Amino acid sequence: QVQLVESGGDSVQAGGSLRLSCAAWGATSMKYTMGWFRQTPGKEREGVAAIYTVGGKTNYAESVKGRFTISRDNAKNTVYLQMNSLKPEDTAMYYCAATQYGGGWYEALRFLYEASRFRYWGQGTQVTVSS
């Protein structure tokens, strides 16, 4: 059983930056797709960024490309989401997700578009961006 613990959510002004962290406990394999999703009340969960832990390739939603960066530290079993140039529309609860996957990186990163492919989820951390 993998447990994910997010941290780093906060309230910031538009144009500011935040870094979210997701610590994974109990991971027994090095081959994971890990992702960040976000959700606002009344809306579906939206994939923001994904990373495949083997090789570190990444995928991003169009709305955050050029502003957000996902990275990982395999030694610490931690994934980060650096968020720059934040906008009010980035306000949401942000969730970390993970799932084991031994296939190719291209397929692994497509999980960004299918939240149901992720087996493990964190409790979420709130990001609020004011104008």
Side-chain angles (χ1 to χ4, degrees):
Q1 187 73 10
V2 175
Q3 289 186 318
L4 303 176
V5 180
E6 304 105 328
S7 61
D10 205 344
S11 296
V12 297
Q13 290 195 327
S17 298
L18 283 174
R19 188 176 82 155
L20 305 183
S21 299
C22 172
W25 302 92
T28 59
S29 167
M30 291 298 293
K31 295 182 178 180
Y32 279 86
T33 297
M34 298 193 73
W36 286 96
F37 288 75
R38 64 188 181 187
Q39 190 170 25
T40 54
K43 292 190 176 181
E44 290 189 1
R45 197 164 290 192
E46 171 193 22
V48 175
I51 187 167
Y52 190 45
T53 57
V54 179
K57 289 190 181 292
T58 58
N59 192 16
Y60 296 92
E62 286 296 326
S63 59
V64 305
K65 278 183 180 178
R67 300 188 299 122
F68 291 11
T69 302
I70 187 171
S71 62
R72 94 286 189 210
D73 184 332
N74 286 348
K76 295 182 178 179
N77 279 349
T78 300
V79 172
Y80 305 96
L81 184 68
Q82 178 66 44
M83 304 186 295
N84 298 327
S85 301
L86 282 162
K87 304 175 181 180
E89 51 263 43
D90 294 319
T91 296
M93 183 71 78
Y94 282 72
Y95 297 90
C96 178
T99 196
Q100 286 181 278
Y101 186 71
W105 62 265
Y106 181 80
E107 292 79 10
L109 294 179
R110 298 286 298 175
F111 292 4
L112 179 67
Y113 311 113
E114 299 179 71
S116 61
R117 297 297 298 269
F118 287 86
R119 181 175 180 183
Y120 306 106
W121 292 85
Q123 80 288 350
T125 187
Q126 178 67 38
V127 172
T128 302
V129 185
S130 58
S131 58

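Source: prediction; values computed, not measured.
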Practice item. Report yes or no: do Tyr101 and Tyr120 belong to one cluster of Ile/Leu/Val/Met/Phe/Trp/Tyr joined by side chain heavy-atom distances under 4.5 Å? Key: no
Review point. Looking only at atom types and distance, does a side-chain atom of Ser85 sit under 3.5 Å from a main-chain N or O of Arg67, one as donor and one as acceptor?
Key: no
Exercise for review: Evaluate the side-chain proximity of Val2 to Gln100: yes if any heavy-atom separation is below 4.5 Å, no if none is.
Suggested key: no
**Study point:** Path from Val79 to Trp121 over hydrophobic side-chain contacts below 4.5 Å
**Key:** no
Point to revise | side-chain contact (heavy atoms from CB on, under 4.5 Å) assessment of Phe68 paired with Trp36 | key: CA-CA 11 Å; Phe68 291 11; Trp36 286 96; over 6 Å; no
Exercise for review: Determine whether Tyr94 and Glu6 make a side-chain contact, defined as any pair of heavy atoms from C-beta on separated by less than 4.5 Å.
Suggested key: no
Name the atoms and distances for all side-chain donor-acceptor pairs under 3.5 Å in residues 14-26, with sequence neighbours left out.
residue : atom : partner : partner atom : Å
Ser17   : OG   : Asn84   : OD1          : 2.9

Check your understanding: What are the two closest non-hydrogen atoms of Phe118 and Gly35, and how far apart are they?
Key -> CE2-N, 3.8 Å
Check your understanding: Do Tyr95 and Val48 belong together in a cluster built from hydrophobic side chains that touch within less than 4.5 Å?
Key -> no
Review point. If you round to the nearest 0.5 Å, how far is OG1 of Thr58 from CZ of Arg72?
Key: 10.0 Å
**Study point:** Hydrophobic cluster membership, Val64 vs Leu86, 4.5 Å side-chain cutoff
**Key:** yes
Practice item. Could you tell me whether the side chain of Glu89 reaches within less than 4.5 Å of the side chain of Ser63, counting heavy atoms only? Key: no
Exercise for review: Could you tell me whether the side chain of Met83 reaches within less than 4.5 Å of the side chain of Val129, counting heavy atoms only?
Suggested key: no
Review point. Is Gln3 atom CD crowded by more than 12 heavy atoms from other residues, nucleotides or ligands, each under 6.0 Å away?
Key: no
Review point. Would you say the side chain of Thr40 lies within less than 4.5 Å of the side chain of Thr91, judging by non-hydrogen atoms?
Key: no
Exercise for review: Determine yes or no for a side-chain-to-main-chain donor-acceptor pair under 3.5 angstrom, with Tyr80 supplying the side chain and Thr69 the backbone.
Suggested key: no
Check your understanding: Just wondering, are more than 12 heavy atoms of other shown residues or ligands nearer than 6.0 Å to CD in Glu114?
Key -> yes
Review point. When rounded to the nearest 0.5 angstrom, what distance separates CG in Leu81 from CE in Met34?
Key: 12.0 Å
Exercise for review: Identify, with sequence neighbours excluded, every residue that meets salt bridge (Lys or Arg N to Asp or Glu O under 4.0 Å) alongside Glu44.
Suggested key: none
Exercise for review: Give the minimum heavy-atom separation between Thr99 and Arg117, together with the two atoms involved.
Suggested key: OG1-O, 3.3 Å
Review point. Taking a hydrophobic cluster as the set of Ile, Leu, Val, Met, Phe, Trp and Tyr residues connected by side-chain heavy atoms closer than 4.5 Å, whether directly or through intermediates, do Phe37 and Met93 fall within one such cluster?
Key: yes
Review point. Taking C-beta and beyond as the side chain, do Asn59 and Tyr113 meet within less than 4.5 Å on heavy atoms?
Key: yes
Exercise for review: Could you tell me whether Glu62 and Lys65 make a salt bridge, using a distance below 4.0 angstrom between a side-chain N and a carboxylate O?
Suggested key: yes
Check your understanding: What heavy-atom pair brings Gln123 and Val5 nearest, and what distance separates the two atoms?
Key -> OE1-CA, 4.0 Å
Revision key, fill the gap. Value for CD (Gln13) from OG1 (Thr128), rounded to nearest 0.5 Å, stands at 12.5 Å
Review point. Excluding sequence neighbours, so at least two apart, what forms side-chain contact (heavy atoms from CB on, under 4.5 Å) with Trp105?
Key: Tyr52, Lys57, Leu109
Point to revise | Atom pair CD1 (Ile70) and CD (Gln82), whose distance is rounded to the nearest 0.5 Å | key: 12.0 Å
